[in-house]
Structure formats: C-alpha cells, structure tokens
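I am attaching a structure below and will ask some questions about it afterwards.
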Amino acid sequence: MAQGHTIPLLYLARILRQHDVPVTVFTTPANSPSVRATLHDAGISIIELPFPADIDGIPQGVENTDKLPSMSLIFQFANATKLMQPQFEKALQDIKPVGCIISDAFLGWTQDIAAKLGIPRIGFYGMSIFATTLYFILGQERPHALTTSPDEPFSIPNFPKLSLTRNDFDPPFNELDPKGPRVDFMMEQNIAMAKSYSVIINSFYELEPSYTEYWNRCIGPKAWCLGPFAAAKPQVLLANESAKPNWMLWLDKKLQNGDSVLYVAFGTQAEVSQEQLLEIADGLEKSKANFLWVIRSKRLEISEGYEEKVKDRGMIVKEWVDQMEILRHKSVKGFLSHCGWNSVTEAICNGVPILAMPFMAEQHLNARLVSEEVGVGLRIMPSNGSVRGFVKAEEVEKRVKELMEGTKGEGVRKKMKEVGEAACGAIREGGSSWETLEQVIADVSNYHKISFF
Ligand code: UDP
C-alpha cells in the first residue's frame, strides 16, 4: 500500500486482462477510489478489506504510505497489514478457483496463506532486477566486507565492470553489520519470497539481461520480466481544453512556442530537506531551462517571490499529477528524477532522458543503472565526493544545461530513444515480456493441472 507499488500492480492487472486472465484486486477502503479510477474500464473485480484500526502511531484513515505523518512509521504500517490475514484468507476462499496470488513482496504474510490454500504466490518487489540482485549479492556474498569507509569503491563478483560503494545502499545496509527493524523486516519478506513460486519484475529482459540471468541462475525464485507495466496505462484523451489541468495547458503553450521543458519530480516518498529544496530551486533558476516541478510534500516551502521570478519558464505544482501524461507530452525533453523505479520505467516508455538525483531506498542503484549501465541519463552528484549528500545549486545548473542543451544530453537522448523503442517492442505481441507472460500463464495453469484461462 504505497503508490510506487500499487500503481505498477494495477497496470499489471490491466496487462493480465489483455491476455484474457480473470483478475481480482484486493485493496482497502481509503485506497479504493484511486484503484477503481485506474481500473474503471478494465473488467477487473475489486474487493475491499478493512484496514486494521487502532494501530499505534498510524492515524485513523491512513491506509497508504504516502499519507503517513513520517516515513519512520513504515514498519508499524507494514506490520499492521498482517492483521488483515483472516479477512484475506476468507475472501480468497470465496473466489474459486484461484490460479495464483500476485502479492507485493512487503506483504510477506500472503505466502503463509498461499501455502495453506495450495495456491502459488508470485511476489513483486517493485524494483529493477539490477537493484534487487545487488541487494542480495551484498547480503549473501559481502563483497564490501573489506572496505573501511562507506565511500570506498568495491567490485562485484561476476560483474567486473561494476564498481559500487556501500553508500549506494540505503542505511542501514551501508553498514558492515546492519541491524535493526529494517533488516529484520526485509529478512522476513525475503524468506517469504524464497518460498514463493516466482517473482515478477517490472522491467524487460533486454534492459537488464545479465542481472536477470544471474538472478535465475544463482538467487531465485525464478524472475519473470513482464514490463514495463506503465506501457499499459491508457492515454487520457480530454474532450476539450477546459477539461485540461493547468499544467497540461502550460505544457501545450510551451510546445506551441517551440520550447523544451524539463520535468522535475521526486516521487511520493523521498524526504527532501527544506535546505536541499531551495538549492534545487536556485539551480533550476540559474539553468534558464523551462521546468515543470511537482512538489508533493506539504511541509516544503519554496522561497517567497521565487514563482514570480521564474514565472515565464517555471511552473510549480503541488497537487497529484498524471506523471505518465506529462512524460508523454511532446514538450517534455528531460526528467530530473529521484529514480524511483516506476519513474525510470515511465521515462523509458516515453523516451525521455533522465537527470538522476537519488535520495533513498534503492534509488542510488537505479541512478547507476540509468547513467552508467544503460546510458539513458546523466547523474547529479553531491559536493562531498560521496554518492549520498547535499547537492549544490551549481551542480544542478550545470547538469540541467548538459542534459537539455549539451552534447552529453544529446548522447543519452539518442540512447533513450533506442531503449524506449525496445521497451515498446517487449510488451507488443511476440515481444520478450509478452512471451514471458504467456509462459507464466501456461506454468500456472499447469501447476494446477487444469486450465482456468
Ligand atoms: N505519481 C504520479 N503523480 C504524482 C506523483 C507520483 O502519477 O503527482 C506516480 C508516478 O508516475 C509513479 C509513482 O507515482 O508511478 C511513484 O513511483 P516511483 O517508483 O517513481 O517513486 P516512489 O514514490 O515509490 O518513490
């Protein structure tokens, strides 16, 4: 129950319907309106299970991580979901037959029910197979064991070209001996995953082939790359101009004027400090680029007079936007992104090159994938010589100019176009993701020795 996990799973549900698979989506009352809106025309059943009440620290009505008063409550929140187990089990027994359960990996408890009812569980981490594999290698093979500082580079066995630092991994995993609730929580989910039938990846084979193969050969359970899921999002066609949100009208105007726009957004969870926000604002102003900036956090405030200063070329939006529609817009030529995996895949679907500025979770690894492994983006770096730290305005200005006007920008734009075309090819009939999904359907049908589909 986090936007970055729900959104791709809903797109996947649509893809499954395209392959004639009957789908039921489980959600909770507060999440239900957005789930229903996304799936309204998809012919998918939706079941609401009540979210547990009276959980210490979780205000009544908060049923999604993006509504949590602080991300420090994430484990109370995730653990609270375990209390939904009996209702989930009962609701499952009322749907017959169930071919398989596709479950977010952070709901590890669904594996217990799957095992009890003899239904295969397919997990979903919501990450690239690159980042998922590297987290497993770090935990199991400890290639960082001899490093003496979190910024000392180390190499990864079997991937000789790759050089990482401990700071590419989110705390506490950047420590040599990580401990605490986050480690315990991940262990629990990973054990459930190890017992699962397989894992679904929101990626396509051609994007991360060596990591997919390594995972299947050395880690497991079997990974199936079925994405990018965002390609299944139907385009929003608005009947007239008055139905368009302000930001869309603004982008249309920029397109008419022949201006290129940088889209700036850091997802739903990254906790950007006020100081860092002001520095980014300063860098964007100095870059002279046209930009559309979505600031989701209510606690962050841009300095007074800023919007007036940049008014002809900068627009700041504080409400929920349709990010895929923004990335689809012909005026958008660059994406300053935190590199949440959905944002990366959405940029790929639309061929928009990325300026990577990671903050948390596996975003630093995604930034490496984007800028070093695949070459579809440039990287913004902190000034302290580490991959993690404060980014100065000058760096933002320089990299924005490079992406939007420079030859490096041209290079990654060209590469992004190729990769975007490969992504579209993967999900088309006969493409790698399409074929893999057909295989999943056949495997699951076979598992039960009867064909539901
Ligand atoms: N998103 C959106 N509108 C917003 C903010 C976010 O559509 O105003 C979507 C975005 O398109 C993506 C998801 O929310 O599908 C965010 O996922 P991502 O993995 O990029 O980042 P996270 O929020 O998990 O850090």
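Indexing begins at 1, ligand by ligand and atom by atom, following the structure's order.
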Should the pair Lys309-Glu285 be classified as a salt bridge under the 4.0 Å nitrogen-to-oxygen rule?
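Salt bridge flag = yes for Glu285 with Lys309.
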Between Lys254 and Asp312, is there a side-chain N and carboxylate O pair less than 4.0 Å apart?
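Answer for the salt bridge query: no.
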N-O pairing of Lys333 and Asp259 below 4.0 Å
no
In plain terms, say whether Glu48 and Arg36 are close enough for a salt bridge, that is, a side-chain N and a carboxylate O under 4.0 Å apart.
yes
Is Glu63 salt-bridged to Lys67, going by a charged N under 4.0 Å from an acidic O?
no
Taking the inter-plane angle between the rings of Phe106 and His5 on a 0 to 90° scale, is it parallel (under 30°), tilted (30 to 60°) or perpendicular (over 60°)?
tilted
Using heavy atoms and a strict 4.0 Å limit, residues surrounding ligand 1 turn out to be Gly4, Ile7, Gly267, Thr268, Gln269, Arg296, Trp320, Val321, Gln323, His338, Gly340, Trp341, Asn342, Ser343, Glu346, Gln363
